[in-house]
Amino acid sequence: MDNRVEAYLGKPLPRWVRITALVFGVLMVSAGMSMLLTQGAAREVVIPMLTGSMIIYLSGFEKRLWLDGEGVTRSVAFWGYRRTENIPWAEIADARVILNKGRRLYVLLHGTKKIWPLTYLPGQTQQVLDILREYLDEAAISIEQ
């Protein structure tokens with residue numbers, strides 16, 4: 001069993017949202033530049049340019065978290081640059097699984113390094129527990145309701 005269970009909060013924005021944000025950001029920066037070229041007031045130039053720049057900056061960000069046979073993996077992508085970090089199962093001491101009244105499933109892992117908290121949907125509960133039981137001792141897994 002080497003299935004990858006991707007965390008809920010680590011899912012990327014849909015492509016259409018990112019493209020729309022990018023276009024809107026470019027339009028805001030362009031509006032600020034045109035005001036700058038027509039010698040508009042400083043507040044009329046700075047606000048659209050800063051807002052547009054921030055939107056462009058954030059539209060290129062993507063973060064994913066998942067559990068698989070290798071351990072816990074976090075992948076952060078920013079405008080083509082991707083950094084992937086992995087914490088193998090050998091470095092994970094125990095797991096605390098919190099079932100939040102059927103709304104979310106929280107997985108807190110403890111080990112030799114800081115491990116990112118994972119959030120899952122209730123439908124992923126069995127997959128997550130199967131992976132944890134395969135790679136950790138039963139005594140190391142704490143399930144809370």
Side-chain angles (χ1 to χ4, degrees), residues 1-36 42-145:
M1 180 183 131
D2 197 38
N3 294 339
R4 179 167 142 170
V5 184
E6 198 163 322
Y8 174 69
L9 293 179
K11 292 192 186 286
L13 289 173
R15 176 175 237 122
W16 71 269
V17 172
R18 293 175 59 186
I19 291 172
T20 303
L22 179 63
V23 169
F24 186 69
V26 169
L27 288 174
M28 296 263 319
V29 170
S30 299
M33 289 297 288
S34 69
M35 287 181 214
L36 177 68
R43 70 172 178 234
E44 293 174 354
V45 172
V46 173
I47 292 173
M49 288 185 68
L50 284 178
T51 305
S53 299
M54 287 175 41
I55 291 171
I56 292 169
Y57 180 81
L58 293 175
S59 68
F61 181 78
E62 177 183 314
K63 177 179 164 184
R64 291 183 176 174
L65 298 164
W66 66 85
L67 285 173
D68 61 5
E70 297 178 14
V72 181
T73 306
R74 177 175 77 166
S75 174
V76 178
F78 184 71
W79 287 107
Y81 170 75
R82 181 172 303 277
R83 188 177 83 207
T84 303
E85 299 174 69
N86 181 274
I87 298 177
W89 289 109
E91 295 181 17
I92 299 173
D94 64 1
R96 182 176 169 203
V97 179
I98 303 169
L99 303 168
N100 187 10
K101 300 177 185 174
R103 288 181 279 182
R104 296 279 188 269
L105 171 73
Y106 301 105
V107 179
L108 304 173
L109 301 165
H110 305 96
T112 57
K113 296 180 182 177
K114 180 184 177 214
I115 304 173
W116 318 281
L118 302 157
T119 303
Y120 292 95
L121 295 173
Q124 296 175 298
T125 302
Q126 194 56 46
Q127 290 177 296
V128 170
L129 291 177
D130 288 346
I131 286 181
L132 291 175
R133 287 182 180 131
E134 183 173 344
Y135 296 103
L136 294 175
D137 294 332
E138 192 70 37
I141 302 171
S142 164
I143 300 175
E144 300 175 15
Q145 295 290 336

Please give me the minimum heavy-atom distance between [X] and [Y], naming the atom from each residue.
{"X": "I115", "Y": "H110", "answer": "CD1-C, 3.9 Å"}
{"X": "L121", "Y": "L105", "answer": "O-CB, 4.5 Å"}
{"X": "V29", "Y": "G52", "answer": "CG2-C, 3.7 Å"}
{"X": "A140", "Y": "D94", "answer": "O-CB, 3.1 Å"}
{"X": "P48", "Y": "M35", "answer": "CG-CE, 4.4 Å"}
{"X": "K114", "Y": "I87", "answer": "O-CD1, 3.4 Å"}

task = Can you establish whether the number of heavy atoms outside R96 located under 6.0 Å from its atom CZ is more than 12?
result = no

request  = Count the heavy atoms of every other residue, nucleotide or ligand shown that sit under 6.0 Å from OH of Y57, and state whether that count exceeds 12.
outcome  = no

task = Assess whether side chain to side chain contact (heavy atoms under 4.5 Å, CB included) is satisfied between E144 and L99, documenting all intermediate values.
result = CA-CA 6 Å; E144 300 175 15; L99 303 168; over 6 Å; no

At what distance, to the nearest 0.5 angstrom, does [atom1] of [X] lie from [atom2] of [Y]?
{"X": "I141", "Y": "R133", "atom1": "CD1", "atom2": "CZ", "answer": "6.0 Å"}
{"X": "D68", "Y": "N3", "atom1": "CG", "atom2": "CG", "answer": "9.5 Å"}
{"X": "L50", "Y": "M28", "atom1": "CG", "atom2": "CE", "answer": "9.5 Å"}
{"X": "Y135", "Y": "E70", "atom1": "OH", "atom2": "CD", "answer": "9.0 Å"}
{"X": "S53", "Y": "L58", "atom1": "OG", "atom2": "CG", "answer": "11.0 Å"}
{"X": "W116", "Y": "R74", "atom1": "CH2", "atom2": "CZ", "answer": "5.0 Å"}

Side-chain heavy atoms of [X] within contact of [Y], under 4.5 Å:
{"X": "R104", "Y": "Y8", "value": "yes"}
{"X": "L65", "Y": "T73", "value": "no"}
{"X": "I56", "Y": "W79", "value": "yes"}
{"X": "E6", "Y": "R64", "value": "yes"}
{"X": "V72", "Y": "L118", "value": "yes"}
{"X": "I143", "Y": "L129", "value": "yes"}
{"X": "V76", "Y": "Y81", "value": "no"}
{"X": "M49", "Y": "M33", "value": "yes"}

Can any side-chain N or O of [X] pair as donor or acceptor with the backbone N or O of [Y] at less than 3.5 Å?
{"X": "D137", "Y": "A139", "answer": "no"}
{"X": "W89", "Y": "L132", "answer": "no"}
{"X": "Q145", "Y": "N100", "answer": "no"}
{"X": "Y120", "Y": "V5", "answer": "yes"}
{"X": "R18", "Y": "S59", "answer": "yes"}
{"X": "E91", "Y": "P88", "answer": "no"}

ask   = With distance as the sole criterion, is a donor-acceptor pair present between the side chains of S75 and R82 under 3.5 Å?
value = yes

